[in-house]
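See structure below.
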Amino acid sequence: LPLSTSTFDYSSYHSLDEIYAFMDLLVAENPNLVSKLEIGHTTENRPIYVLKFSKGGTNRPAIWIDTGIHSREWVTQASGVWFAKKIVQDHENDSELASILDKMDIFLEIVTNPDGFAFTQTKNRMWRKTRSKQSGSVCVGVDPNRNWDAGFGGSGASKNPCSDTYHGPYANSEPEVKAIVDFVTNHGNIKAFISIHSYSQLLLYPYGYTTTPVPDQEELHEISEKAVAALSSLYGTKYKYGSIITTIYQASGGTIDWTYNQGIKYSFTFELRDTGRYGFLLPASQIVPTAQETWLALKVIMVHTRDHPY
Amino acid sequence: TETFVGHQVLRIIPGNDKELQKVQELQDLEELQLDFWLAPRGLGYPVDVRVPFPSLQPLKAHLEANGISYSIMIEDVQALVDHEQMEMFRSSR
């Protein structure tokens, strides 16, 4: 295992164990800024970890970022590792980031679907869902981005356990989802929630389960426009942005529809790049540029959240 | 371990509503075991679908019979998976 997070190879994909070891190294190297929380256990009893970046205080307003909820979207977990190191590296010399952390905490869940991720590394690289068993079906797993209590079971998800968009037997049936629901509910002071997927270069905001525009649509659209402009400024990667249902398709039981309905106004989903023809098999050489451009967009959202307390 | 030898990823860009509907109908053909990487979402948007080897010919014939153009985005999925594994192994070494 690497001797430090400075020798960690950010331009390569890593196993679940290597990512968990990286997290422990980062915490050990930065005990005054980073801590590791265990927010639950998966179906296969793996721990679910969240990194907390905080300069102190209790229950401060916070920003949540998660990657890897769909396990085969490897560039997202790899970007999450890079974000973690970036926050540590820049928390003093980047005035914007420093001022965000002066007022807010950042929670980063790098491997949001550990069972699925381990499965992609051992049995099926194309696995997307969780690994929960479904009574009455030979098929396994639930789409963790259709399992939230927001339009759950509606159009835009499948009731077929063999489908890749199976919504599950009931809302929050998946421990990976329930763990976040409980964390967000108990914390009660999260002001921005960003869930990162790949691929197709999109920045999305609620809703996905209904055509009804969210009350804050105008503000979320403006933030998206600025965030996408910042992202594109680095390597020219073209993004589209808008609400889920108008930009891609109807999707029910989605993460950020639930978080928005909990009152977390700044709820966004990213679909990171494939600007070429690799899809989920994006070459490792593109991890760092993808993470770098995404970070610029994340900072726009975080700065806006800092400057618009509610 | 699931292997993807001979699997291809096709990129289809529906040019009109009729083509979009035909592509959407593919999602219900479970016997083809299609894996939609990018699901159909509108005219002009790419639909990327991983096609197991046994379904390749039937699907291509179906698309051509309906005049739906497509391109081969990934010639052999397993080759990319193998390359990715090799890179991971080299890095961890």
Side-chain angles (χ1 to χ4, degrees), chain A residues 1-2 7-15 17-19 21 70 72-75 78 119-128 139 156 158 160 162-165 197-202 204 208 240 242 244-251 271 274 276-285 287, chain B residues 1-14 20-21 23-24 26-53 70-93:
Chain A
L1 293 178
T7 58
F8 188 85
D9 183 358
Y10 297 93
S11 296
S12 177
Y13 292 114
H14 292 276
S15 68
D17 289 344
E18 287 171 338
I19 292 176
H70 284 147
R72 65 180 173 183
E73 300 166 7
W74 279 17
V75 70
F119 199 71
T120 63
Q121 307 227 329
T122 54
K123 292 285 185 288
N124 182 344
R125 171 68 180 79
M126 291 302 147
W127 191 258
R128 158 189 167 104
C139 292
S158 171
N160 174 0
C162 299
S163 165
D164 251 356
T165 56
H197 292 249
S198 79
Y199 63 98
S200 64
Q201 293 106 256
L202 297 170
L204 303 167
K240 289 186 169 69
I244 296 167
I245 197 163
T246 58
T247 311
I248 38 176
Y249 38 59
Q250 185 167 23
E271 290 281 355
D274 170 32
R277 302 170 70 84
Y278 293 100
F280 298 122
L281 294 168
L282 193 72
S285 58
I287 293 170
Chain B
T1 301
E2 190 90 13
T3 62
F4 305 98
V5 176
H7 292 215
Q8 290 189 337
V9 177
L10 303 187
R11 173 161 286 180
I12 307 164
I13 302 182
L20 181 60
Q21 187 195 335
V23 175
Q24 284 166 332
L26 292 174
Q27 292 181 285
D28 301 325
L29 303 180
E30 287 190 12
E31 64 277 14
L32 288 178
Q33 292 283 302
L34 301 178
D35 174 16
F36 282 85
W37 284 14
L38 290 184
R41 62 183 203 226
L43 297 184
Y45 286 98
V47 176
D48 293 347
V49 54
R50 175 173 62 86
V51 186
F53 181 69
Y70 63 86
S71 63
I72 299 175
M73 176 174 147
I74 296 178
E75 284 279 353
D76 185 336
V77 173
Q78 189 60 43
L80 277 188
V81 171
D82 291 343
H83 179 71
E84 190 178 67
Q85 291 293 329
M86 183 191 60
E87 281 203 328
M88 280 179 74
F89 179 68
R90 188 190 305 145
S91 161
S92 61
R93 284 270 302 273

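Throughout, a chain's letter reflects where its sequence line sits, starting with A, and its residues are numbered from 1.
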Which value, rounded to the nearest 0.5 Å, describes the distance between A:Arg125 atom CZ and B:Leu80 atom CG? 9.5 Å
Under 4.5 Å heavy-atom distance to chain A, tell me which part of B:Pro40 shows up: side chain, backbone, both or neither. backbone
Measure up the B:Trp37 and A:Phe280 rings against each other and bin them: parallel (under 30°), tilted (30 to 60°), perpendicular (over 60°). tilted
Taking all non-hydrogen atoms of both residues into account, name the closest pair between A:Leu202 and B:Arg41 and its distance. CD1-NH1, 4.0 Å
How close do B:Glu84 and A:Trp74 get, heavy atom to heavy atom, and via which atoms? OE1-CZ3, 3.3 Å
How far apart are the closest heavy atoms of A:Arg277 and B:Ser71, and which atoms are they? NH2-OG, 2.8 Å
Against chain B, label A:Ser11 side chain, backbone, both or neither, depending on which of its atoms sit under 4.5 Å from a heavy atom there. neither
Distance-minimising heavy-atom pair for B:Met88 and A:Ser12: CA-OG, 4.1 Å
Need one label for B:Phe4: side chain, backbone, both or neither, based on atoms under 4.5 Å from any heavy atom in chain A. side chain
Check whether A:Asp164 gets within reach of chain B through its side chain, its backbone, both or neither, counting any heavy atom under 4.5 Å. side chain
Can you list the steps and then say if A:Cys162 with B:Glu30 is a side chain to side chain contact (heavy atoms under 4.5 Å, CB included)? CA-CA 10 Å; A:Cys162 299; B:Glu30 287 190 12; 5.6 Å; no
Under a 4.5 Å heavy-atom cutoff, which of A:Ser15, A:Pro283, A:Gly279 has the most pairs with chain B? A:Gly279
Report yes if some heavy atom in the side chain of B:Met73 is under 4.5 Å from a heavy atom in the side chain of A:Asp274; otherwise report no. yes
Name the region of A:Arg128, side chain, backbone, both or neither, that has any atom closer than 4.5 Å to a heavy atom of chain B. neither
Do the side chain of B:Thr1 and the main chain of A:Thr122 share a donor and acceptor less than 3.5 angstrom apart? yes
Give the minimum heavy-atom separation between B:Ile74 and A:Tyr278, together with the two atoms involved. CD1-O, 3.7 Å
Which bit of A:Tyr199 is near chain B, if near means a heavy-atom gap under 4.5 Å: side chain, backbone, both or neither? both
With a 4.5 Å heavy-atom cut-off, do B:Arg50 and A:Met126 have their side chains touching? yes
Check whether any side-chain heavy atom of A:Glu271 lies under 4.5 Å from a side-chain heavy atom of B:Leu38, and answer yes or no. no
Side-chain touch A:His14/B:Ser91, heavy atoms, less than 4.5 angstrom: yes
